[in-house]
Amino acid sequence: WRQVSAWYSMFDINVTTIQPDVATHPTSWHVITPSYNSGGVAWSIFPHTTPGSLVDGNWSPFNFTAAIVHEVGHTFGCGHISKFDQWGDNIQEYAVFDDPLHGSIMGGTGRVVNNWSLWHAAPWHNPGGPSYLQDDMAYIAGLVVSNAATGYTGDGYRPDDHGGTIATATPMAAEGTTRWTTGVLERLTDADAFSFSIDVAGRYSLAATREDPNGVDLMAAIYNSAGVLLAAESSDSREQPYSLVNDQYLTLDFATPGTYYVIVTSRGNYADQGAYNVRVDPLPGGWTLDNVGLNARPGYATYDWSTSTYTVAGSGYFIYNSTSSIIGGTNDSFQYLYQELKGDGAITVRVSSPQATQYYQAGVMIRDSLDSNAKAASLVLNGQNRAYFFARGTTGGSASSSYRMATSSYLLRLTRSGNVFRAYVSSNNGVTWTQVGTNQNIAMGETVYIGLVSTARVNTWGSSSAPTNHALNVATFTNVSV
């Protein structure tokens with residue numbers, strides 16, 4: 001329900017599992033049933049008083065969630081998004097875009113960000129074909145308007161939920177030292193403003209991120225109480241499409257306690273609308289939070305000063321080995337809390353309580369850049385009680401790996417001496433250390449990134465008995481020293 005709601009969040013409709021009175025509420029009625037094992041199908045146009053679409057309930061969670069959104073899209077009049085060759089022949093009815101980042105709800109999904117499209121409709125759709133561009137958003141909003149009750153003056157999109165200026169800012173909720181809120185960018189021109197207060201000066205991370213799995217592409221800006229811009233994030237210079245640009249992470253130092261403001265807006269491209277989350281968390285001085293690579297569900301990080309405990313939550317994005325995007329593949333994907341290191345150094349940590357599937361990875365890393373395919377060395381613990389040492393010696397190359405048995409009671413250590421990287425584990429609180437694998441020679445620049453990593457590393461589609469890539473690995477780290 002939550003994931004379906006996220007994809008329809010910008011429209012003036014209610015996604016519910018409670019059957020409404022279809023005589024008084026225009027309804028698109030969808031059924032999930034294990035008795036239908038042929039994918040999904042839609043046969044009726046919104047509104048209808050009996051089911052107009054259904055999907056195979058035996059599918060994996062993300063699979064039938066995407067199918068629900070797709071089939072309900074049909075009931076709003078949307079055809080399949082398709083590809084055509086230069087002669088106008090249909091060569092792919094369910095269009096799959098040529099990168100691992102972007103997918104189409106009405107075409108081929110299974111990418112990290114799957115969204116509504118302005119693209120060519122399949123030839124069987126009327127209108128459709130290579131000369132027709134289907135506007136998914138306009139189709140849905142238009143049917144909302146044409147079937148609304150008498151007196152409706154809306155445009156098919158949800159009424160604005162937050163003011164867009166400092167003067168009309170909505171206070172963020174407080175949960176311990178975390179400040180958080182949610183919102184929806186209903187239109188490309190929408191701006192949502194929030195206020196938050198901090199009791200202690202210092203370093204903080206602000207994360208403005210998609211409400212997964214919708215594809216809203218965000219921009220964020222932070223102001224002080226006088227309205228002075230302190231920081232903004234609106235772009236990402238890293239390699240695309242192997243870097244997730246939709247989510248924004250800002251790390252900054254607040255000189256004084258007090259009230260601050262964040263304004264969230266859309267990047268302004270087609271369908272850059274939908275639900276999002278904003279959270280502000282404390283960090284120790286010198287640390288910065290960001291995502292690396294393609295992360296299906298946005299992560300976060302926070303720090304507990306009373307216990308010196310770091311928490312890093314990351315999802316990663318694991319599809320198939322041929323297009324690997326995990327720690328240790330040709331393109332990494334994880335949440336990264338890091339510092340810059342000049343010259344030689346080491347990082348030591350205990351991974352206290354990872355929380356995800358047996359395939360999670362949480363540990364330490366040194367990398368040449370924040371690009372997903374950067375040269376890197378990492379030592380990560382997984383749910384099979386193994387500490388893996390991964391080393392990628394060339395940009396975009398494959399990573400070598402070796403491992404030793406280890407548990408969350410072990411300390412992990414990763415060192416750099418010139419171009420030589422070594423990994424160690426200790427079962428006795430650092431009294432003695434055992435090397436994992438052998439020395440690895442990786443030619444990195446003098447200044448590198450060193451820090452804590454977390455990824456859930458689970459399959460895109462999942463299975464009926466296992467989570468999908470919409471899970472987060474919430475890992476806590478203690479005994480951290482750099």
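When side chains are defined from C-beta on, V200 does not count as touching P282, because their heavy atoms never get closer than 4.5 Å. Between V72 and Y8, some side-chain heavy-atom pair lies under the 4.5 Å cut-off. At a threshold of 4.5 Å between non-hydrogen side-chain atoms, the residues L230 and L252 count as touching. Looking only at side-chain heavy atoms (C-beta outward), L218 and N246 stay at 4.5 Å or farther from each other. Side-chain atoms of Q339 and T288, non-hydrogen and from C-beta on, never get closer than 4.5 Å to each other. The side-chain heavy atoms of M405 and Q384, taken from C-beta on, include no pair separated by under 4.5 Å. Looking at V436 and L379, their side chains come closer than 4.5 Å, going by heavy atoms from C-beta outward. Using a 4.5 Å heavy-atom threshold, the side chains of V364 and V351 count as separate.
Between the side chain of W7 and the main chain of N114, a donor-acceptor pair closer than 3.5 Å is present. A donor-acceptor pair is defined here as one N or O able to donate and one able to accept, closer than 3.5 Å; no such pair exists between the side chain of W180 and the backbone of A174. Judged purely by atom type and a 3.5 angstrom limit, R158 uses its side chain to pair as donor or acceptor with the backbone of I13. Listed for the S454 side chain is a donor-acceptor partner under 3.5 Å among the backbone atoms of N473. Using a distance-only test at 3.5 Å, with no hydrogens or angles considered, a donor-acceptor pair links the side chain of Y360 to the main chain of N382. Side-chain atoms of T181 never come within 3.5 Å of backbone atoms of V278 as a donor-acceptor pair (strictly under, hydrogens ignored). No side-chain donor-acceptor contact under 3.5 Å links D371 to the backbone of N373. Within the 3.5 Å criterion, the main-chain N or O of A271 finds a donor-acceptor partner in the side chain of N115. Checked by atom type and distance alone, the side chain of S315 pairs as donor or acceptor with a backbone atom of R297 at under 3.5 Å. Without hydrogens or angle criteria, H70 side chain to I105 main chain gives a donor-acceptor distance under 3.5 Å.
Of the inter-residue distances, the one linking R392 atom CZ with S398 atom OG reads 8.5 Å to the nearest 0.5 angstrom. In this structure, CD on E186 lies 6.0 Å from CG on D192, to the nearest 0.5 angstrom. With values rounded to the nearest 0.5 angstrom, L370 atom CG is found 11.0 Å from D332 atom CG. Here the straight-line distance linking atom CD1 of I366 with atom NZ of K375 works out to 14.0 Å at 0.5 Å rounding. Taking CG of L337 as the start and CE of M365 as the end, the distance is 13.0 Å to the nearest 0.5 Å. With rounding to the nearest 0.5 angstrom, the CD atom of E175 is 8.0 Å from the CZ atom of R279.
Taking both residues in full, the closest heavy atoms of D136 and Y270 are given as N-OH, 3.2 Å, listed atom of the first, atom of the second, then distance. The shortest heavy-atom contact between F254 and A201 is O-CB, 3.3 Å. Nearest heavy atom pair, residue P298 against residue D212, reads CD-CB, 4.1 Å. Pairing each heavy atom of A208 with each of A220, the nearest pair is CB-CB, 4.0 Å. Taking every heavy atom of both residues into account, K83 and V96 meet most closely at NZ-O, 2.7 Å. Nearest approach of A191 to I263, heavy atoms of both residues: CB-CG2, 4.2 Å.
Checking Y449, Y338, Y310 one by one against W287, the ring pair (Phe, Tyr, Trp, His ring centres under 6.0 Å) holds for a single residue, Y310.
A donor-acceptor contact closer than 3.5 angstrom is absent between the side chains of S333 and N295. At a cut-off of 3.5 Å, with distance as the only test, a side-chain donor of S104 or S117 sits close to an acceptor on the other residue. With 3.5 Å as the limit, one finds no donor-acceptor pair spanning the side chains of T209 and D247. For the 3.5 Å distance criterion, the side chains of N428 and S426 qualify, holding a donor opposite an acceptor. A donor-acceptor contact closer than 3.5 angstrom links the side chains of R422 and N439. Between the side chains of T311 and T476, not a single donor N or O lies within less than 3.5 Å of an accepting N or O. A side-chain donor-acceptor contact under 3.5 Å links N277 and E211.
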Test side chain to side chain contact (heavy atoms under 4.5 Å, CB included) on T415 and F421; report intermediate values, then the result.
CA-CA 6 Å; T415 70; F421 294 80; over 6 Å; no

Could you please spell out the steps behind the side-chain hydrogen bond (donor to acceptor under 3.5 Å, both in side chains) verdict for N14 and T16?
CA-CA 6 Å; N14 178 32; T16 178; 4.6 Å; no

Verify side chain to side chain contact (heavy atoms under 4.5 Å, CB included) between Y300 and L472, making sure each step is shown before the conclusion.
CA-CA 10 Å; Y300 62 89; L472 282 176; 4.2 Å; yes

Might you work through the side-chain hydrogen bond (donor to acceptor under 3.5 Å, both in side chains) test for N429 and R350, ending with a clear yes or no?
CA-CA 9 Å; N429 292 316; R350 175 176 283 120; 2.5 Å; yes

Is there a side-chain hydrogen bond (donor to acceptor under 3.5 Å, both in side chains) between T259 and S197 once you walk through the steps?
CA-CA 4 Å; T259 300; S197 297; 3.0 Å; yes

L411/V425 under side chain to side chain contact (heavy atoms under 4.5 Å, CB included): CA gap, chis, key distance, verdict
CA-CA 6 Å; L411 288 173; V425 296; over 6 Å; no

Quick one, Y276 with Q248, criterion side chain to side chain contact (heavy atoms under 4.5 Å, CB included). Give me CA distance, side-chain angles, the key distance, then yes/no.
CA-CA 11 Å; Y276 62 87; Q248 305 303 337; over 6 Å; no

Let's go through F194 and F196 carefully: what are the C-alpha distance in whole Å and the side-chain angles of both, what is the deciding distance for ring pair (Phe, Tyr, Trp, His ring centres under 6.0 Å) to 0.1 Å, and is it a yes or a no?
CA-CA 7 Å; F194 304 95; F196 62 94; 9.9 Å; no

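Both the sub-6.0 Å distance and the 45° axial angle are satisfied by R413 relative to the ring of W433. Annotation: cation-pi pair R187/Y157 absent, no NZ/CZ under 6.0 Å from the ring centroid and within 45° of its normal.
Ionic pairing of R179 and D281 is not present here: no N-O contact between side-chain nitrogen and carboxylate oxygen is shorter than 4.0 angstrom.
Applying the side chain to side chain donor-acceptor pair (under 3.5 Å) test to pairs two or more places apart or on separate chains, those with a residue in residues 213-231 are D217-R267.
Under the 30°/60° scheme for interplanar angles, the aromatic rings of F390 and Y388 are found to lie parallel. Below 30°, between 30° and 60°, or above 60°: for W116 and F11 the angle between ring planes is above 60°, a perpendicular geometry.
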